[in-house]
Amino acid sequence: MTNKIYYLASCDTCRKIIKSLPKSVDLVYHDIKQDPITASELEYMQTLSGSYEALFSRKAQLYKSLDLKNKSLTEEDYKKYILEHYTFLSRPVFIINNKIYIGNSQQNMLQVLKVLENV
């Protein structure tokens, strides 16, 4: 499988991260708003991450407006919400050499940059 980044083009954090990536890196860029992720792509991410919850963003405005924090969500719920609306995918998601890196934490981004140096 090709190395890929799932991101949101309108997200300032995603844009900043993309700018910081080495220019020589060979990544497929997938804007999840323009081209929503498919069920099979999400299932692959879940296989790599171990759960749909790991891929789910609790920072999304919709999370608050739908009052999801007061509901007990199952793995199927997380999957359904991510497929229904791109904002529920924790961004960015990198898949590099069949390993997944989820979110924009500093530690995660340092790992991504380190891995990309060796790709």
Side-chain angles (χ1 to χ4, degrees):
M1 180 170 210
T2 53
N3 294 330
K4 202 166 196 177
I5 176 177
Y6 294 87
Y7 71 103
L8 188 56
S10 58
C11 167
D12 288 338
T13 304
C14 287
R15 285 199 304 260
K16 198 181 323 175
I17 287 168
I18 288 169
K19 273 187 182 166
S20 75
L21 298 175
K23 300 294 174 241
S24 61
V25 74
D26 188 23
L27 276 177
V28 173
Y29 291 83
H30 185 130
D31 180 354
I32 59 175
K33 185 175 183 179
Q34 299 301 319
D35 183 14
I37 59 172
T38 64
S40 62
E41 285 174 314
L42 185 60
E43 286 161 12
Y44 180 64
M45 289 181 197
Q46 185 271 341
T47 301
L48 295 176
S49 68
S51 72
Y52 290 108
E53 184 177 7
L55 296 158
F56 188 82
S57 173
R58 289 179 171 74
K59 295 177 185 168
Q61 295 294 324
L62 268 179
Y63 181 74
K64 293 170 182 79
S65 65
L66 294 174
D67 198 33
L68 296 179
K69 73 173 188 281
N70 294 316
K71 296 184 169 96
S72 67
L73 300 175
T74 65
E75 278 291 289
E76 280 305 306
D77 291 330
Y78 291 122
K79 179 182 179 180
K80 176 180 79 96
Y81 283 118
I82 293 169
L83 287 173
E84 278 178 7
H85 203 283
Y86 62 85
T87 195
F88 287 118
L89 182 67
S90 191
R91 304 174 302 271
V93 173
F94 288 88
I95 298 177
I96 305 165
N97 297 336
N98 295 314
K99 284 196 170 175
I100 194 164
Y101 304 88
I102 305 163
N104 59 22
S105 72
Q106 186 177 8
Q107 182 183 359
N108 192 50
M109 291 316 305
L110 288 172
Q111 283 182 309
V112 167
L113 291 171
K114 193 178 215 175
V115 171
L116 286 175
E117 286 173 6
N118 300 314
V119 171

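These numbers come from the heavy atoms of this one structure, side chains and all, not from hydrogens, waters or symmetry mates.
No side-chain heavy atom of I5 sits under 4.5 Å from any side-chain heavy atom of I95. Counting only heavy atoms from C-beta outward, the side chains of F56 and I82 approach each other to under 4.5 Å. Using a 4.5 Å heavy-atom cutoff, the side chains of L55 and I100 are in contact. K79 is not listed as a side-chain neighbour of F88, based on a closest heavy-atom distance of 4.5 Å or more.
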Begin from the C-alpha positions of T87 and Q61 and carry the test side-chain contact (heavy atoms from CB on, under 4.5 Å) through to its verdict. CA-CA 8 Å; T87 195; Q61 295 294 324; over 6 Å; no
Should D31 and Y7 be marked as a side-chain contact (heavy atoms from CB on, under 4.5 Å) after you check the CA-CA gap, both sets of side-chain angles, and the distance that decides it? CA-CA 5 Å; D31 180 354; Y7 71 103; 3.9 Å; yes
Yes or no on side-chain contact (heavy atoms from CB on, under 4.5 Å) for L21 and L113, after CA distance, side-chain angles and deciding distance? CA-CA 7 Å; L21 298 175; L113 291 171; 4.0 Å; yes
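The environment of CG in D67 is crowded: more than 12 heavy-atom neighbours from other residues, nucleotides or ligands sit within 6.0 Å. Annotation for K59: atom NZ does not count as buried by contact number, only 12 or fewer foreign heavy atoms lying within 6.0 Å.
At least one donor-acceptor pair under 3.5 Å links the side chain of R15 to the backbone N or O of A9. Here the side chain of Q46 pairs no donor or acceptor atom with the backbone of Y52 at under 3.5 angstrom. Remark: the backbone N or O of R58 is not paired with any side-chain donor or acceptor of K69 at under 3.5 angstrom. Between the side chain of E53 and the backbone N or O of E75 there is no donor-acceptor pair closer than 3.5 Å.
In this structure, CD1 in I18 is found 11.0 Å from OG1 in T13, a value given to the nearest 0.5 Å. The CG atom of L66 sits 6.5 Å away from atom NZ of K71, with the distance rounded to the nearest 0.5 Å. Atoms CE and OG, on M45 and S40 in that order, are 10.0 Å from each other to the nearest 0.5 Å. Going from atom NZ of K33 over to atom OG of S10 covers 5.0 Å, rounded to the nearest 0.5 Å. K80 contributes atom NZ, which lies 9.0 Å from atom CG of L73 (distance to the nearest 0.5 angstrom).
Note on residues 99-110: no pairs pass side chain to side chain donor-acceptor pair (under 3.5 Å), not counting sequence neighbours.
Cluster membership for V28 and L8, using ILVMFWY side-chain heavy atoms within less than 4.5 angstrom, is not shared.
Heavy-atom minimum distance, K4 versus L27: N-CD2, 3.7 Å. Closest approach of Y86 and I32 over heavy atoms only: O-CD1, 3.5 Å. The minimum heavy-atom distance between D77 and S72, with the atom names listed, is OD2-O, 4.0 Å. In plain terms, the two heavy atoms of E41 and P36 that are nearest each other are OE1-O, 4.2 Å.
Remark: the Y44 side chain and the N98 side chain contain an N/O donor-acceptor pair separated by less than 3.5 Å.
Of the candidates V25, N97, V115, N3 forms a side-chain contact (heavy atoms from CB on, under 4.5 Å) with just one, namely N97.
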